[in-house]
Number of protein chains: 2
Amino acid sequence: MTGDGERKGRITLEDIARSTGFSRATVSRVLNDKKSVKPSTVKIVEQAIEQLSYRPNVSASALSGGRTMTVAVCLPETLRPYYSILLGGIENISSQKGYDIIFKTKNYPRAARELAESRRVDGMIIRNMKEDAEHAQLFRELVRCNIPFVLIGKPMQEYPSIHIDNVGGARKVAHHFAEHGYRRILCITGPNRHVDAIDRVYGFKMGLSERGIDPEGVTLAEGDYSKEQAFNLMKEHFPKPQFDAVFAANDNMALGVLLYLRRIGMRVPEDMGLAGFDDSFFSEYLFPPLTTVRQPMYEMGSIAMETVVSLMEGSTREKGIILPTQLVVRRSCGCPYTYNGVDDADEGEHRHFDLV
Amino acid sequence: MTGDGERKGRITLEDIARSTGFSRATVSRVLNDKKSVKPSTVKIVEQAIEQLSYRPNVSASALSGGRTMTVAVCLPETLRPYYSILLGGIENISSQKGYDIIFKTKNYPRAARELAESRRVDGMIIRNMKEDAEHAQLFRELVRCNIPFVLIGKPMQEYPSIHIDNVGGARKVAHHFAEHGYRRILCITGPNRHVDAIDRVYGFKMGLSERGIDPEGVTLAEGDYSKEQAFNLMKEHFPKPQFDAVFAANDNMALGVLLYLRRIGMRVPEDMGLAGFDDSFFSEYLFPPLTTVRQPMYEMGSIAMETVVSLMEGSTREKGIILPTQLVVRRSCGCPYTYNGVDDADEGEHRHFDLV
DNA sequence: CTGAAAGCGCTTACAG
DNA sequence: CTGAAAGCGCTTACAG
């Protein structure tokens, strides 16, 4: 409108400088480092910025040595619904801190390396489920590019990572089982190599011990986290289950067990208690609703983001944050008195509507 | 390593130019517009790029008039699990086309405007559920900034948008009801102002008409898409349901109905047929699994991305794409012969495992 | 088909 | 506390 310097109608730092009479350097300083600018100047410049509704060009500041103000979030390609919770936590913090997030799933180890190499992001959050060569290479590349990152999932000594307290979660299930008098227990574990799986068994046994139950009395069976496998495991090895209760190392497998029990006419929890792990999206909708252990996905996201931010801002890296898990008691085990569905008494309390 | 021009160890266009003997301009051309470069030159330059594993600095090219190669994806703050499916579709295409995606939910109308004004993205995909002033302002701003965008959800005449065939989906439900002999039907609609809700009722009646059933015989009740409301609606207005079947305008409400029916001891589908709409994440896990209409979320994502890409590349805008919906028949209505759970015959077919 | 040069909008030592 | 100047790594008319 002024007829000068307004190419494309976009307002630049230059415009602010001209309109206030200060130099570009000074304007830039109030944008990034108010400390070294006279307060009155700050005020004047900020007013102009407000007035002209100026917005810095991120590409320009990134190019001239500033930050891109964006962090990459890398998730496995199998998009699980609970990732949307995780994303929620991440984005909540990132928006507070003024960062944008770039989202990657497709072949992310490679995509992430490209992001690093083309200087697209200042930091990264990576959900690493398995540790393979590609990941290792990515991590090395990130270090080389000097891009801070935090891992969510499989904890790794060498890098900052956040994971959940598998041991504690399984321990709580054990305590719960003990309190409800379950003694003959089948435990369907995850793959024997998975850290998570190992920790869950470990915690479960520890919990039983603590309640005076001999953990060696527990029957163990190795699953692969799928409901199909759990179903078949039951069918082939325990066609006539001689247990009071089953603890499955994830909800998927608990579902497989539930299907099998229903198939052979055993009722849950009347004939057999059942608990899972994860509080998967479907668990509260099962019939009966599944007792399980909830991972704090939202919080994980928040903390992951907070951690990268502080790393990007130069903090010395804090490694190995462990988040607590929460036992969610539903009808499949230990919550026998709750009416399955909706009760008049529940009117004000919508939580109970979730129990189908 | 070469000791020169390798500040920070980062390889630049300059390096490629020097190593090949061509100018920066030429190298840039093979990056963006091979057409105007001699084939043999292209080959030489590309080899050098490969050799030095050069990756262009996106900020630099964005700044100098190129594209940012990123598009923003704006979703409502209520992160629903099926958004991860949508994101999957979006990201699949974006990775193919070489675009990055920036993800926004927190207060996205404002965040999106900022992205536009700071030239962070070349295009945008917006899941607009309601049409309010803030959205209108955003759309105007995007037009002003010359940033192409496509809407997912509420269709709008003025802008390119993608939505699903609500009419067709509800029509299929009606046909299904008709085929299974349901005649006395309760239809719980969505809010009377929602386009989606209106279309679903419209399609449902149309479908009945087509099968010779008088649509005026249908009992209508206005819901608000929540299961609580649907439950209460049943309790207050239809304590002793005199229907053969209920069609709820979304799965949430179908769930509310299911809860109520279970409460009063009516079995689904034996005593009452039930169908919903959306194929929500929990629907296949209900007891019984819910017959419903699936929206092609993954495909929506893909098509949305393809559309922005073509818009960004200068295509004339194609507006109003409508995607077909699919009837998913499960036990709650019209699938009476399927064993509820797992059957020996199903072993090879894991799909059936989903029926809980 | 190719190169020299200007410029994109910012940041950051270096002086003062 | 502030400014002049160089530079970030690319693209794009303009010439040839």
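In the text below, chain A, chain B and the rest are named by the order of the sequence lines, each starting its count at 1.
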Worksheet entry | Polar contact flag, side-chain donor to acceptor under 3.5 angstrom, A:Asp122-A:Thr68 | yes
Worksheet entry | Rounded P spacing from D:dA5 to D:dC1 in Å | 24 Å
Worksheet item: Taking atom C1' in both C:dT12 and C:dG16, what distance in whole Å separates the two?
Response: 16 Å
Would you say [X] reaches [N]'s phosphate, i.e. side-chain N/O to OP1/OP2 under 4.0 Å?
X       : N      : value
B:Asn32 : D:dT11 : yes
B:Ser64 : D:dC10 : no
A:Thr26 : D:dG3  : yes

Roughly how many Å is it from [atom1] in [X] to [atom2] in [N], rounded to a whole number?
X        : N      : atom1 : atom2 : result
A:Ile49  : C:dG9  : CD1   : P     : 16 Å
B:Met69  : D:dC10 : CE    : C1'   : 15 Å
B:Arg55  : D:dC10 : CZ    : C1'   : 17 Å
B:Asn57  : D:dC10 : CG    : P     : 6 Å
B:Ile16  : D:dG9  : CD1   : P     : 13 Å
A:Arg67  : C:dT11 : CZ    : P     : 12 Å
B:Arg18  : C:dG3  : CZ    : P     : 15 Å
B:Arg119 : D:dC10 : CZ    : P     : 21 Å

Which nucleotide wins on minimum distance to the side chain of [X], given the candidates [options]?
X       : options               : answer
B:Ala25 : D:dC10, C:dA5, C:dG9  : C:dA5
A:Tyr54 : C:dC10, D:dG3, D:dC10 : C:dC10
A:Pro56 : C:dG3, C:dC10, D:dG9  : C:dC10
A:Arg29 : C:dT2, D:dT2, C:dC10  : D:dT2
A:Ser28 : C:dT12, D:dT2, C:dT2  : C:dT12
B:Thr12 : C:dC1, D:dG3, D:dC10  : D:dC10
A:Lys38 : C:dT2, D:dC1, D:dC8   : D:dC1

Atom [atom1] in [X], atom [atom2] in [Y]: separation rounded to 0.5 Å?
X        : Y        : atom1 : atom2 : answer
A:Asp165 : A:Thr325 : CG    : OG1   : 5.0 Å
A:Leu138 : A:Met124 : CG    : CE    : 6.5 Å
B:Met305 : B:Ile303 : CE    : CD1   : 13.5 Å

Discussion item. Using modelled atom types and a 3.5 Å cut-off, is there a donor and acceptor pairing between side-chain atoms of B:Thr20 and backbone atoms of B:Ala17?
Written reply: yes
Practice prompt. Please evaluate the base of C:dC10 for a donor-acceptor partner in the side chain of A:Ser61 within a cut-off of under 3.5 Å?
Written response: no
Response to the item:
What one should report as the nearest heavy-atom pair of B:Tyr298 and B:Asn92 is OH-ND2, 3.1 Å
Discussion item. Any salt bridge linking B:Glu141 with B:Arg144? Criterion: basic side-chain nitrogen under 4.0 Å from a carboxylate oxygen.
Written reply: yes
Practice prompt. Would you kindly compare A:Pro39 and A:Arg24 by the position of their nearest DNA chain D nucleotide and give the one closer to the 5′ end?
Written response: A:Pro39
Item to complete: Looking at every strand, decide which applies to B:Ser59 at a 4.0 Å heavy-atom threshold: base, sugar-phosphate, or nothing.
Response: nothing
Worksheet item: Stems in DNA chain C: runs of 3 or more consecutive Watson-Crick or G-U pairs, distances under 3.5 Å?
Response: C:1-3 with D:14-16, C:5-12 with D:5-12, C:14-16 with D:1-3
Fill in: Listed partners of A:Ala136 passing side-chain contact (heavy atoms from CB on, under 4.5 Å), at least two apart
A:Arg140
